[in-house]
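Step one of this worksheet: look at the structure below.
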Amino acid sequence: MAPKHQAPRGTRDLLPGEIERWQWAEDRARGVLERYGYREIRTPLFEDYELFARTSGESSDVVQKEMYRFKDLGGRDLALRPEGTASVCRAYLEHGLGGRGRIHRLWYLGPMFRYGRPQKGRFRQFWQIGAEILGTGAPGADVEMIALFVDLFAAWGFGELAVLVNSVGTPDSRRAYGDALREWFGPVRPWLSPDSQRRLETNPLRVLDSKDARDMLIWSVGPGAWLADEEEDAFKLAVTRTYSKPKPHLLDFLDSNSSAHWDAVLAGLSALGIATEIDHGLVRGLDYYTRTAFEVHDRSLGAQSALGGGGRYDGLVETLGGPPTPGVGFSIGLDRVLLALEQRGTPLPAGPAAVFVAAMEGTRAEAAALVRRLRRVLAADWDMEERGFGAQMKAAGKSGARLLLIVGEEEWERGDVVLKDVGDGSQRPVPVATLEDVLLEALGTRPTETRAR
RNA sequence: GUGGAUGUAGCUCAGCUGGUAGAGCACCGGACUGUGGCUCCGGCUGUCGUGGGUUCAAAUCCCAUCAUCCACCCCA
């Protein structure tokens, strides 16, 4: 058990038996996206390093420590893509899509790469499916995006997921909010966890979703509901002083346009009956987000519970040197979706051979030709090793085929073949001339879809 | 990048305080060269993750390294 090579850390092979789940999930998603009128776009797996550094933000974790950055033999500074939106916007500009109709609805599916320590639901190569609307800043675009987002999960069989939503406003309002948070946390600052004290400087909004017990106590519970009696008086006093000022919410710092946009998005969502939950602490990890932000989580995934998320990114295309072009989008981690489905015990179909053809000594050549003929219309299998009849029957049983064709010498002479139903063991002669019709009939309307596992 | 746990057959795992590997499942073959899934019989697979050290002797103890898992950071 020490092979010379194994898949690089954080990557994995998807083998037959598991891949069927992926194909199923991809097919379901494709169906929803097409009905929504989105069109697929495929972009390179690597791009100029600068593209990601610019758009995600130099200070973001993705850029600072998670990029697969490399120089090619021509000295180009490249990186494996850590996310999809930047590439889509680059392609949009490069091919002048803006000049071919104002609004573009696009979707993509493919592997992304981030260098991080692997854990449950986190890989260095992971798959995302995502969608973008470029060219309109209308609240209706945000609403459609979230509806599409929710409907994808519905198509995968997630029933009761609540979407977390927030507005992160503009970079200006976020800055103002950060200052307000620093001020508000001032009195309790020494009691915050070391991480949060650091975050208060670098990214104050992150303090709000700290998992430290005391941080959570300070932010979410407030005075009057102490964890335990042993809290020191100085701490209690500090918390009380902190709460003498109202707890700041990002939504209160929005400019009037962003605020109106937010109200319109909420109204649109409720008109569609989409269950949402406002999460004042919801901040996205990439710098390019503006206004609407949303996420979906699943507890069964452990610490890495985010299944997908997205938001509006009105300044991104301009950052890339293009004309002002608003956009909204999301991406969903397929690895996590599949993991969550598995943990919910969702059964999925597998598709082995529908018909197995067994030959006798004198009919091997005829049987081989028959299999090839049948394979034009349905899934057929045979024993390519020319083993004995008993072995062929065994192989047929294992193949999962629902029907068995026995090409016996005597029947073949008469132009027949024996059709056996694996389920009930019944068998009857069938004319070779009309075999396909009989088989399709016996298999039902969907010939290639067979037993579920 | 930080912390903890774990690496024995294809899979799940046993192997007590050191004496040089085992079970179940899976797989292959036979009983059953014109009828499979059941049953019975037989068989295969291991540099005990890798490298080094201690010892007469290491799967077992020590160190390093790689990998996996879980958590932190962060995110999908």
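Everything numeric here is computed off the predicted structure, so don't read it as measured data. Just the heavy atoms: all of them, side chains too, but no hydrogens, waters or symmetry mates, feed the values below. Labels below follow one simple rule: chain letters A, B, ... track the order of the sequence lines, proteins then strands, and each chain is numbered from 1.
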*Kindly indicate, with the supporting measurements, whether the criterion salt bridge (Lys or Arg N to Asp or Glu O under 4.0 Å) is fulfilled by E66(A) and R124(A).*
CA-CA 9 Å; E66(A) 294 180 351; R124(A) 289 181 173 178; over 6 Å; no
How is [X] classified with respect to the nucleic acid when contacts are heavy atoms under 4.0 Å: base, sugar-phosphate, or nothing?
X	result
E410(A)	base
Q392(A)	nothing
R12(A)	nothing
V337(A)	nothing
E83(A)	nothing
G362(A)	nothing

Quote, to the nearest angstrom, the [atom1] distance that separates [N] from [M].
N	M	atom1	result
rA31(B)	rU60(B)	C1'	43 Å
rU50(B)	rC40(B)	P	36 Å
rC11(B)	rA26(B)	C1'	7 Å
rC32(B)	rC41(B)	P	16 Å
rG24(B)	rG30(B)	P	22 Å
rU8(B)	rA59(B)	P	15 Å
rG36(B)	rA9(B)	C1'	28 Å
rG29(B)	rC44(B)	C1'	10 Å

*Can you give one letter per nucleotide of nucleotides 69-76 of chain B, 5' to 3': B if a protein heavy atom sits under 4.0 Å from the base, S if only from the sugar-phosphate, - if neither?*
-SBBBBBB
Rounded distance (Å) that lies between atom [atom2] of [N] and atom [atom1] of [X]:
X	N	atom1	atom2	value
D383(A)	rG34(B)	CG	P	14 Å
E385(A)	rC27(B)	CD	C1'	14 Å
M393(A)	rG37(B)	CE	C1'	10 Å
D421(A)	rG37(B)	CG	C1'	13 Å
M360(A)	rU35(B)	CE	C1'	9 Å
F389(A)	rG29(B)	CZ	P	16 Å
R387(A)	rC27(B)	CZ	C1'	12 Å
I406(A)	rU33(B)	CD1	C1'	15 Å

I'd like to know if the side chain of [X] pairs up with that of [Y] as donor and acceptor (distance under 3.5 Å, no hydrogens or angles considered).
X	Y	value
T319(A)	R54(A)	no
S193(A)	D195(A)	no
E83(A)	Y288(A)	yes
T85(A)	E132(A)	yes

*Would you call the rings of H280(A) and H249(A) parallel, tilted or perpendicular if under 30° counts as parallel and over 60° as perpendicular?*
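Parallel.
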*What pattern of brackets, bars and dots sums up RNA chain B from 5' to 3', given Watson-Crick or G-U wobble pairs under 3.5 Å, [ ] for crossing pairs and | for another strand?*
(((((((..((((.....[..)))).(((((.......))))).....(((((..]....))))))))))))....
So does [X] pair up with [Y], basic N to acidic O under 4.0 Å?
X	Y	answer
R175(A)	D179(A)	no
D421(A)	R402(A)	no
E40(A)	R42(A)	yes

*From E366(A), R372(A), R373(A), residue fulfilling side chain to side chain contact (heavy atoms under 4.5 Å, CB included) relative to L370(A)*: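 Exactly one candidate clears the test, R373(A).
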*Under 3.5 Å donor-acceptor, R375(A) side chain and A380(A) backbone*: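 Looks like yes, one N/O pair under 3.5 Å.
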Within the sub-3.5 Å range, which N or O atoms of nucleotides 40-43 of chain B have a protein N or O partner, and how far apart are they?
none

*Please confirm whether any donor atom in the side chain of E411(A) sits under 3.5 Å from an acceptor in the base of rG34(B), or the reverse.*
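Yes.
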*P8(A) or V422(A), whichever maps to the more 5' nucleotide of RNA chain B*: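 The residue mapped nearer the 5' terminus is V422(A).
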*Out of R122(A), R12(A), K120(A), which one pairs with D335(A) under the salt bridge (Lys or Arg N to Asp or Glu O under 4.0 Å) rule?*
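Per the salt bridge (Lys or Arg N to Asp or Glu O under 4.0 Å) rule, the option paired with D335(A) is R12(A), out of R122(A), R12(A), K120(A).
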_Just checking E50(A): does its CD atom have more than 12 heavy atoms from other residues, nucleotides or ligands closer to it than 6.0 angstrom?_
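Enclosed.
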